[in-house]
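Worksheet: one structure, shown below.
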Amino acid sequence: MKYGLLKFSCQKPNIGDYMQLAGIVQAYKRLGITEEEMIEIERDDLSSYDGEYVILPMTAAFNAAHGVKIFPLSTKIIPVFIGFFTADEAVAAEIARYEKFGPFGCRDLVTMRMMRKQGVQAYMTGCYSIGFTKRQEAPVDGKVYLCDPPEALLPYIPKEYMENAVELPKPHRMMKTPGYSEENAEMAKEYVKDLVEELKKNARLVITRRLHMTLPCIAMGIPVILAHECDSGQVEECRFAGLDRIVRVYKPSEYSSIDWSPEVPDIEWLKEKAIQLAIQKIEEAKNTWGGVCELSDYYESTEKQIYYSGMKASYLSEPQKLYFVRNAWKMERTIFEYIVRKKLEKMHLVFYGAGDKGKWAMRRYYEYIGRAAGFSLVDGDVKKQGKGINDVLTSSDWDFNLLGNYRIESPQILKNIEKEQLVVVVTCDRYYSGPGADIGNMLIREYGLVEEKELFFLDKLNNSMDMHLSSTSTPFYFLDGF
């Protein structure tokens, strides 16, 4: 079993996401967990993770934008819900399904109340960005740092502060590599590491509106002015709810009365409580799930077989289906590309099966097949080998002249296709029994394909959503057995 840390490898990561890992890193150090025992998992890939079983502290923000990529969690993940945030009731409902891993430790009172509304045990454990170690001494000639303060606050900042202030970039940092990449993750981590060292060594005062600049600085013993940009409502109604016990949150109406020489609150005892809680929850997860995961991992490492769970099983959860129905018009990736996690232009698409369902799939998707980097039609029936598609797929109701003349090929061609490009869709009836099951097991056993990685079943795609390859099409559900 491994111990996990979240990573955020998008092109524009929020450095605050990495700040939230500080307390978990401290807990791992005290538990004597080595780097070899740790693994980093992309937050937006939690649903598709298929590595070793892993205990994963869920110390991050989880909102609608992330929800369809995260939930349901991979069965290989043992979640530890501490210090997490959500402001979306649909995501809170999804998290509440993991009640057996509770009680839920929430970053703020808003998240706590939202989880309690779901009928589960939830408490406020605060934010784990307070896990940074306190500096030994303050700099003799320190600098004032500005981290995205409210614009309305600027006229109130003392002139002597502004004259030599260091302005930090906004928390969302643009990385060099487009999309998601290891390079982006490494750059973001290095930036956070350098920033923390810079502030710890040189900061006399930090002025900000950012939660994940405020809490780490206080943990390091750096004075902070935290200015909220909204004057309406109470603190409890915003993302600082409960965290105002640590630092005063100034609203615009209070800017004129700001104390510009604040004392740093002593939160060492609070930091210790949080880290001890993390240690306790990680050890509980290990004691509860470690043995069964070790046994299961042993048996799972044998020759893989497909698990067939019935006609209603699909590659998308019900919340994901609803999300795609509501947001299909603005999806940046197609639903099919989202499920297989490859761009159509970069995949070698293979339809396995030239029977009735194969004919239907060919007809329905013929205009998109040409967009793939490669396409092959495969069938194990030797009687069909060498025949043209128009010789095999015949129907007075369908116009197959638009299909081109794709030759039905032997499954052996799969050995010549790069796994990174390969996407095989089994176009036979019923994936849980009959021809579909036989073909699926053969592809796993003889060709080493992994379901939801290189191998997919048309029935599961159909019962997930209409397998649109056009991002402008509105998805709809198929009738079973169509």
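Every heavy atom of this structure was used, including side-chain atoms; hydrogens, water molecules and symmetry mates were not.
Between Arg30 and Gln276, some side-chain heavy-atom pair lies under the 4.5 Å cut-off. A heavy-atom distance below 4.5 Å is not found between the side chains of His348 and Glu418. Counting heavy atoms from C-beta on, the side chains of Met115 and Cys106 come closer than 4.5 Å. Glu35 is not listed as a side-chain neighbour of Tyr28, based on a closest heavy-atom distance of 4.5 Å or more. Taking 4.5 Å as the limit, every side-chain heavy atom of Ile95 sits out of range of all side-chain heavy atoms of Gln118. In this structure the side chain of Ile39 reaches within 4.5 angstrom of the side chain of Tyr49, judged on heavy atoms. Taking the side chain as every heavy atom from C-beta outward, Val426 and Leu458 never approach each other to under 4.5 Å. Counting heavy atoms from C-beta outward, Glu42 and Ile70 have side chains that stay 4.5 Å or more apart.
For the pair Met114 and Ala92, the tightest heavy-atom approach, listed with the atom from each and the gap, is CG-CB, 3.7 Å. Taking every heavy atom of both residues into account, Pro223 and Val264 meet most closely at N-CG2, 3.4 Å. Here the closest heavy-atom approach between residue Pro79 and residue Met58 is recorded as CB-CG, 3.9 Å. Across every non-hydrogen atom of Leu46 and Ile77, the tightest pair is O-CD1, 3.6 Å. A pairwise comparison of heavy atoms in Ile82 and Thr59 identifies O-CG2, 2.9 Å as the closest pair. The two residues Thr427 and Lys357 come nearest to each other via the heavy atoms O-CB, 3.2 Å.
A side chain to side chain contact (heavy atoms under 4.5 Å, CB included) with Leu455 is found for exactly one of Val350, Ile439, Leu443, namely Leu443.
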With side-chain hydrogen bond (donor to acceptor under 3.5 Å, both in side chains) as the test, would you mind laying out the steps for Tyr145 and Glu198 before giving the verdict? CA-CA 10 Å; Tyr145 287 82; Glu198 165 76 9; 2.3 Å; yes
Please step through ring pair (Phe, Tyr, Trp, His ring centres under 6.0 Å) for the pair Tyr315 and Phe456, ending with a clear verdict. CA-CA 9 Å; Tyr315 293 122; Phe456 300 85; 5.4 Å; yes
Go through it in stages, so that I can follow the logic: the residues are Phe62 and Phe85, the test is ring pair (Phe, Tyr, Trp, His ring centres under 6.0 Å), and I'd like the CA-CA distance, side-chain angles, deciding distance and then a yes or no. CA-CA 6 Å; Phe62 303 114; Phe85 164 80; 9.4 Å; no
Apply side-chain hydrogen bond (donor to acceptor under 3.5 Å, both in side chains) to Thr288 and Glu284, showing your working. CA-CA 6 Å; Thr288 303; Glu284 285 177 359; over 6 Å; no
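Listed by chain and residue number, nothing satisfies the side-chain hydrogen bond (donor to acceptor under 3.5 Å, both in side chains) test with Lys453 (two or more places apart in sequence, or in another chain).
Between Lys189 and Glu183 there is no salt bridge, since none of the side-chain N atoms of the basic residue sits less than 4.0 Å from a carboxylate O of the acidic one. A salt bridge does not link Lys7 with Asp17: none of the charged nitrogens is closer than 4.0 Å to a carboxylate oxygen. Using a cut-off of 4.0 Å between Lys/Arg side-chain N and Asp/Glu carboxylate O, Glu52 and Lys76 are scored as not salt-bridged. Using a 4.0 Å cut-off between charged side-chain N and carboxylate O, Glu451 and Lys460 make a salt bridge. Using a 4.0 Å cut-off between charged nitrogen and carboxylate oxygen, Glu420 and Lys342 do not count as a salt-bridge pair.
Here Glu272 contributes atom CD and Ile130 contributes atom CD1; the two are 10.5 Å apart, rounded to the nearest 0.5 Å. Atom OG1 of Thr34 is separated from atom NZ of Lys29 by 13.5 Å, given to the nearest 0.5 angstrom. Note: Leu349 CG to Ile417 CD1 = 9.5 Å, rounded to the nearest 0.5 Å. Separating the CD1 atom in Ile41 from the NZ atom in Lys2 is a distance of 11.0 Å, to the nearest 0.5 Å.
Both cation-pi conditions hold for Arg116 and Tyr123: the charged atom is under 6.0 angstrom from the six-membered ring centre and inside a 45 degree cone around its axis.
In this structure a side-chain-to-backbone donor-acceptor pair under 3.5 Å is present from Thr208 to Cys147. In terms of modelled atom types and a separation under 3.5 Å, the side chain of Thr125 and the main chain of Gly83 share a donor-acceptor contact.
For Lys200 and Thr133, the side-chain atoms include at least one donor-acceptor pair closer than 3.5 Å. A donor atom on one side chain and an acceptor atom on the other are not found under 3.5 Å apart for Tyr191 and Glu186.
Within the 6.0 Å centre-distance limit, the rings of Phe8 and Tyr18 are counted as a close aromatic pair.
Aromatic ring orientation, Phe71 versus Tyr98: tilted (interplanar angle from 30° to 60°).
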